[in-house]
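Written below as structure tokens is the structure these notes are about.
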Amino acid sequence: MTQLTKEQQTEFEAAAFRTLVAHLRKRTDVQNIDLMNLGGFCRNCLSNWYQDAANEAGVALDKAQARELIYGMAYDDWKRMHQSVATPQQQAAFAQSHKDHG
């Protein structure tokens, strides 16, 4: 396996993260509940992790700012433009996949 420097690892991880965020911005047809049901995380999780990292580094970043960085727009605007009402099947899958959480 190729040995990476810590700087390379950080650079490549950041590039992969930016690519993931760009992909999710393009795939507005993929609902957060679908991401949660299949992957156990969603855009909101990414924004929470981003906010946590910023706050741990001493940078004050609130939830709305973090979400805007991930969604590429204000969260309320994204919801209005792209979020649909979860179907009973999506809700049931979410309940099943998250029954041990909480």
Side-chain angles (χ1 to χ4, degrees):
M1 183 170 137
T2 301
Q3 292 296 316
L4 302 176
T5 66
K6 187 68 175 164
E7 292 78 21
Q8 286 174 316
Q9 183 178 350
T10 299
E11 179 182 336
F12 301 157
E13 289 169 349
F17 177 79
R18 287 189 298 269
T19 301
L20 172 62
V21 169
H23 179 75
L24 291 173
R25 285 181 184 174
K26 289 178 189 171
R27 290 299 311 268
T28 57
D29 60 309
V30 178
Q31 297 294 299
N32 280 336
I33 195 166
D34 295 323
L35 292 170
M36 288 296 295
N37 288 343
L38 293 172
F41 78 100
C42 69
R43 294 169 182 89
N44 290 340
C45 297
L46 288 176
S47 69
N48 291 342
W49 300 334
Y50 196 103
Q51 180 186 11
D52 291 345
N55 292 165
E56 287 173 18
V59 176
L61 189 69
D62 67 27
K63 183 179 283 193
Q65 292 169 317
R67 285 187 174 180
E68 188 164 339
L69 288 167
I70 298 302
Y71 284 91
M73 64 181 69
Y75 180 55
D76 288 338
D77 292 341
W78 191 92
K79 286 192 316 183
R80 182 177 37 75
M81 294 169 60
H82 304 294
Q83 185 169 304
S84 59
V85 175
T87 67
Q89 294 84 0
Q90 288 170 317
Q91 293 173 354
F94 182 84
Q96 181 65 28
S97 68
H98 289 79
K99 65 182 176 187
D100 296 329
H101 296 269

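Of the possible donor and acceptor atoms, none in the side chain of Glu68 sits under 3.5 Å from a partner among the backbone N and O of Met73. Within the 3.5 Å criterion, the main-chain N or O of Val59 finds a donor-acceptor partner in the side chain of Asn55. Formation of a donor-acceptor pair under 3.5 Å by the Arg25 side chain with backbone atoms of Ile70 is found in this model. At least one donor-acceptor pair under 3.5 Å links the side chain of Gln65 to the backbone N or O of Asp62. Not a single donor-acceptor pair under 3.5 Å links the side chain of His82 to the backbone N or O of Trp78.
One finds the CD atom of Gln8 at 10.5 Å from the CD atom of Gln3 (value rounded to the nearest 0.5 Å).
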Yes or no on side chain to side chain contact (heavy atoms under 4.5 Å, CB included) for Leu46 and Phe17, after CA distance, side-chain angles and deciding distance? CA-CA 10 Å; Leu46 288 176; Phe17 177 79; 4.0 Å; yes

Does the side chain to side chain contact (heavy atoms under 4.5 Å, CB included) test come out yes or no for Arg43 and Tyr75, once each step is laid out? CA-CA 10 Å; Arg43 294 169 182 89; Tyr75 180 55; over 6 Å; no

Should Leu24 and Val30 be marked as a side chain to side chain contact (heavy atoms under 4.5 Å, CB included) after you check the CA-CA gap, both sets of side-chain angles, and the distance that decides it? CA-CA 8 Å; Leu24 291 173; Val30 178; 5.6 Å; no

Passes side chain to side chain contact (heavy atoms under 4.5 Å, CB included), Asn44 versus Met36? Steps please. CA-CA 10 Å; Asn44 290 340; Met36 288 296 295; over 6 Å; no

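For the pair Asn37 and Ser97, the tightest heavy-atom approach, listed with the atom from each and the gap, is OD1-OG, 3.7 Å. In plain terms, the two heavy atoms of Ala66 and Ser47 that are nearest each other are CB-O, 3.4 Å.
Between Thr87 and Ile33 the shortest side-chain heavy-atom distance does not fall below 4.5 Å.
Within 6.0 Å of the NZ atom in Lys79, the count of heavy atoms belonging to other residues, nucleotides or ligands exceeds 12.
Every side chain to side chain donor-acceptor pair (under 3.5 Å) that Glu13 has, sequence neighbours left out, goes to Gln9. Remark: Ser84 engages Gln31 in a side-chain contact (heavy atoms from CB on, under 4.5 Å) (not counting sequence neighbours).
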